[in-house]
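Since this is a predicted model, take the numbers as computed values, not measurements.
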Amino acid sequence: MNRTKPEDDEYWNSTKFNAFTFEDDDDEFTKLKESKRAVNSILVDDDDDDDDVEKVSWSGEPVGSISWSVKETASSIRSGGEQSFPKINTAPSLPKQGSGYSLSSLFRAKSKPSFSESFIDTSARVYAPELRKPKSECQDYVSDRSPEETVRRMRKGKAYSMERFRSLQDKLLLLDEAVSAHDGNVITAVLIYLKKSLSKEILFRELMLREIALRHYVHYLKEMGEQKLLVELMKALGRTEDMALMQYKEHMSIKDENKRRDFLKKSLSLPFSQEDATHVQDHYTLLERQIIIEANDKKGDAEIFKKFPRKASILNMPIITTLYYSCFYHYGEPEGTFSSPANIRKTFRISEKQYILTALGARAKLKNWFDVDSLFNTKTWLGYTKKKSPVGFHRVVDILQKNNAPVQVLQTYMTLIDDSELKLSLAHKYKCHDVVIDTYRDLKDRQKLIVYQGKLERSSDQYRKIEEILNNTQIRWKN
């Protein structure tokens with residue numbers, strides 16, 4: 001017997017193919033089921049401004065204020081919808097049929113491929129479970145090259161290959177068939193293949209003629225974070241305003257404030273709508289001013305910073321929070337300085353109502369009642385001083401009470417409320433006895449005045465005040 005050569009032994013003892021066994025097959029299909037369950041368990045997760053101003057507190061987070069993110073910019077302009085695509089509904093509009101796989105893993109996975117990727121394969125690879133099926137089925141799989149059969153196999157979770165569709169016409173037929181199937185996963189899988197196999201110019205051109213596929217493609221690009229390609233798509237569609245908003249959105253990823261400011265300055269030349277351009281200009285101006293204020297205030301030389309240390313930086317805060325900060329730390333500064341409340345109000349066109357509420361909250365927090373009075377004191381043409389407010393005095397009372405204003409201060413503004421019932425309600429609530437007594441006297445309601453007297457201590461000044469009113473014979477009581 002001839003001795004076998006070493007290389008022959010190596011040949012006969014090693015192979016890249018595995019033998020067919022039922023045990024292996026069962027094991028592979030067990031992995032298949034587990035993989036499908038894991039993939040299907042992953043889901044793709046497809047801030048009255050004036051009324052809340054008194055809630056602003058300098059804690060480093062804006063409360064009840066205007067946000068300068070793209071989301072706020074777009075929502076303030078378009079009142080809802082996707083911030084970046086007001087003209088395109090990016091959510092798939094067609095209901096998904098029961099599909100044997102999920103593309104959710106595509107939007108998350110950037111790690112090593114798993115067996116579940118066989119359901120969205122866009123290459124010519126064929127996976128082991130399908131190879132080990134009966135020969136007749138494999139022959140059927142190989143021989144049928146129609147778009148209908150490919151889509152059918154995709155929906156059932158069977159192995160498939162899109163590499164066979166080489167011509168542009170065949171690829172578009174496959175896409176049209178996927179859209180006709182009303183299965184969002186299948187549509188997206190086909191779009192991924194077309195993205196890899198077609199130039200972006202040709203793909204964009206064809207998607208313009210297919211609105212449903214276009215919406216799915218936009219949604220896919222958003223989920224994958226392909227911002228640059230998304231901007232190019234918007235430009236190709238002629239949607240220059242959407243393209244500008246998409247580019248503007250990139251500022252959120254810039255951490256350095258100076259680089260962000262420079263980016264916003266360059267963004268001013270983008271083709272925004274007139275209203276969008278105003279917001280972007282304000283954003284740039286605001287950040288530029290915040291950088292200057294922050295550079296001066298972080299030293300903390302002024303006495304107010306020692307008495308009330310800052311809790312956070314002013315950088316990247318919204319306009320109203322910046323105004324509150326200015327009213328808190330820089331109130332009374334000349335209008336010419338960047339940090340003065342008057343300058344901020346003028347630069348950003350803040351309404352009188354918004355300014356009064358913000359400044360009231362800041363000065364009341366500091367217990368500076370003189371400044372609170374100065375907000376409402378106005379002179380008449382006869383030279384007299386009277387209190388006037390662009391907001392109801394009942395709101396002023398509420399803000400003052402939240403900041404623990406003394407009863408004397410509350411009563412001053414409570415008497416300015418025109419509605420007697422509202423005035424009495426607040427007076428009872430905040431125990432402003434003099435206001436209750438004077439209101440009942442003005443209403444000539446003797447019985448309620450007597451009842452209220454019974455709730456007071458006999459030794460109190462308010463009890464004696466009611467006694468004097470009841471003994472006044474010049475008052476003509478209603479009851």
Original post:
Taking C-beta and beyond as the side chain, do Val407 and Gln411 meet within less than 4.5 Å on heavy atoms?
Top reply: yes
Original post:
Is there a side-chain contact between Met317 and Leu286 (heavy atoms, below 4.5 Å)?
Top reply: no
Subject >> Approximate separation, where rounding is to 0.5 Å, of Leu264 CG and Glu257 CD >> reply: 11.5 Å
Show me the donor-acceptor pairs, under 3.5 Å and distance only, between side chains in residues 198-205 and residues at least two apart or in other chains.
residue : atom : partner : partner atom : Å
Ser199  : OG   : Ile202  : N            : 3.4
Lys200  : NZ   : Glu232  : OE1          : 2.7
Lys200  : NZ   : Glu232  : OE2          : 3.3

Subject >> Listed partners of Tyr413 passing ring-ring contact (aromatic ring centres under 6.0 Å, His included), at least two apart >> reply: Phe376
**OP:** Find the distance between CD1 (Ile344) and SG (Cys327) and round it off to the nearest 0.5 Å.
**Re:** 7.5 Å
**OP:** For Val179 and Ala213, work out which heavy atoms get closest and say how close.
**Re:** CG2-CB, 4.2 Å
Original post:
Quick one: do the Ser339 and Glu333 side chains pair a donor with an acceptor below 3.5 Å?
Top reply: yes
**OP:** Taking ring-ring contact (aromatic ring centres under 6.0 Å, His included) as the test, write out the residues that go with Phe305, two or more places apart.
**Re:** Tyr329
Subject >> Beyond-backbone contact of Pro271 with Met243, side-chain heavy atoms, under 4.5 angstrom >> reply: yes
Original post:
Should Lys259 and Asp262 count as an ion pair when the cut-off is N to O under 4.0 Å?
Top reply: no
**OP:** Take Phe308 and Lys365, measure what side chain to side chain contact (heavy atoms under 4.5 Å, CB included) needs, and give me the verdict at the end.
**Re:** CA-CA 11 Å; Phe308 301 97; Lys365 188 74 174 179; over 6 Å; no
**OP:** Nearest 0.5 Å please: distance from the CG atom of Leu175 over to the CE atom of Met162.
**Re:** 10.5 Å
Original post:
Is there a side-chain contact between Glu241 and Ser273 (heavy atoms, below 4.5 Å)?
Top reply: yes
Original post:
After noting the C-alpha distance and the side-chain angles of Thr321 and Tyr325, does the key distance pass the side chain to side chain contact (heavy atoms under 4.5 Å, CB included) rule?
Top reply: CA-CA 6 Å; Thr321 306; Tyr325 176 94; 5.7 Å; no
Subject >> Worked check of side chain to side chain contact (heavy atoms under 4.5 Å, CB included) between Gln281 and Thr278 >> reply: CA-CA 5 Å; Gln281 177 66 59; Thr278 301; 5.7 Å; no
**OP:** For Glu352, check salt bridge (Lys or Arg N to Asp or Glu O under 4.0 Å) against everything at least two apart and list the hits.
**Re:** none
**OP:** Please name the pair of heavy atoms, one in Ile314 and one in Thr322, separated by the smallest distance, quoted to 0.1 Å.
**Re:** CD1-CA, 3.9 Å
Subject >> Side-chain touch Arg349/Asp282, heavy atoms, less than 4.5 angstrom >> reply: yes
**OP:** State which residues pass salt bridge (Lys or Arg N to Asp or Glu O under 4.0 Å) with Glu211; sequence neighbours excluded, sorted by chain then number.
**Re:** Arg215
Subject >> Spatial distance of atom CG (Leu221) from atom NE2 (His216) [nearest 0.5 Å] >> reply: 13.0 Å
**OP:** Measure the shortest side-chain to side-chain distance between Leu229 and Lys195 over non-hydrogen atoms and say whether it is less than 4.5 angstrom.
**Re:** yes
**OP:** Determine the minimum heavy-atom distance between Phe328 and Arg363, stating which atoms define it.
**Re:** O-NH1, 3.5 Å
**OP:** May I ask you to check whether over 12 heavy atoms, not counting those of Asp418, lie within 6.0 Å of atom CG?
**Re:** no
Original post:
Do we see a donor-acceptor contact under 3.5 Å between the side chains of Asn185 and Arg155?
Top reply: no
**OP:** Quick one: closest heavy-atom pair of Ile399 and Gly361, and the distance?
**Re:** CG2-CA, 4.3 Å
Original post:
Is there side-chain contact between Leu233 and Leu214, with heavy atoms separated by less than 4.5 Å?
Top reply: yes
Subject >> Contacts of type salt bridge (Lys or Arg N to Asp or Glu O under 4.0 Å), residue Arg261, not counting sequence neighbours >> reply: none
**OP:** Return yes if a side-chain donor-acceptor contact under 3.5 Å exists between Gln227 and Glu250, otherwise no.
**Re:** no
Original post:
Just checking, is any N or O donor in the side chain of Arg345 or Tyr355 under 3.5 Å from an acceptor N or O on the other one?
Top reply: no
**OP:** Please check if the side chain of Asp242 supplies one atom and the backbone of Met234 the other of a donor-acceptor pair under 3.5 Å.
**Re:** no
Under 3.5 Å donor-acceptor pairs involving side-chain atoms of residues 384-394, not counting sequence neighbours:
residue : atom : partner : partner atom : Å
Lys387  : NZ   : Asn377  : OD1          : 3.1
Ser389  : OG   : Val391  : N            : 3.1
Ser389  : OG   : Val391  : O            : 2.8

Subject >> Lys346 NZ: over 12 foreign heavy atoms closer than 6.0 Å >> reply: no
Subject >> Residue pairs, two or more places apart or on separate chains, that pass salt bridge (Lys or Arg N to Asp or Glu O under 4.0 Å) and touch residues 440-449 >> reply: Asp438-Arg441
Original post:
What is the minimum heavy-atom distance between Ser267 and Val280, and which atoms define it?
Top reply: CB-CG1, 4.5 Å
**OP:** To the nearest 0.5 angstrom, please state how far the CG atom of Asp183 sits from the CE atom of Met154.
**Re:** 8.0 Å
**OP:** Identify, with sequence neighbours excluded, every residue that meets salt bridge (Lys or Arg N to Asp or Glu O under 4.0 Å) alongside Asp176.
**Re:** Arg210
Original post:
Measuring from Ile212:CD1 to Leu207:CG, what's the distance to the nearest 0.5 Å?
Top reply: 12.5 Å
Per-pair distances, 0.1 Å, donor-acceptor, side chain in residues 424-436, under 3.5 Å, sequence neighbours excluded:
residue : atom : partner : partner atom : Å
His428  : NE2  : Tyr440  : OH           : 3.3
Tyr430  : OH   : Asp398  : OD1          : 2.9
His433  : ND1  : Tyr452  : OH           : 2.6

Original post:
Looking at residues at least two apart in the chain, or sitting in another chain, which of them share a side-chain hydrogen bond (donor to acceptor under 3.5 Å, both in side chains) with Ser374?
Top reply: none
**OP:** Only pairs at least two apart or in different chains count here, so list each salt bridge (Lys or Arg N to Asp or Glu O under 4.0 Å) that has a residue in residues 283-308.
**Re:** Glu294-Arg310
Original post:
For Asn343 and Thr347, does a side-chain donor sit closer than 3.5 Å to a side-chain acceptor?
Top reply: yes
**OP:** Would you please classify the geometry between the His283 ring and the Tyr248 ring as parallel, tilted or perpendicular, with 30° and 60° separating the classes?
**Re:** perpendicular
**OP:** Side-chain contact test, heavy atoms from C-beta onward, threshold under 4.5 Å: evaluate it for Tyr193 versus Val190 and give yes or no.
**Re:** no
Subject >> Residue pair Phe348, Leu323: steps toward the side chain to side chain contact (heavy atoms under 4.5 Å, CB included) verdict >> reply: CA-CA 10 Å; Phe348 299 105; Leu323 177 63; over 6 Å; no
**OP:** Taking atom CZ of Phe338 as the centre, report whether more than 12 heavy atoms of other residues, nucleotides or ligands fall under 6.0 Å from it.
**Re:** no
Original post:
Where is the tightest heavy-atom contact between Lys423 and Thr415, given as atom of each residue plus distance?
Top reply: NZ-O, 3.8 Å
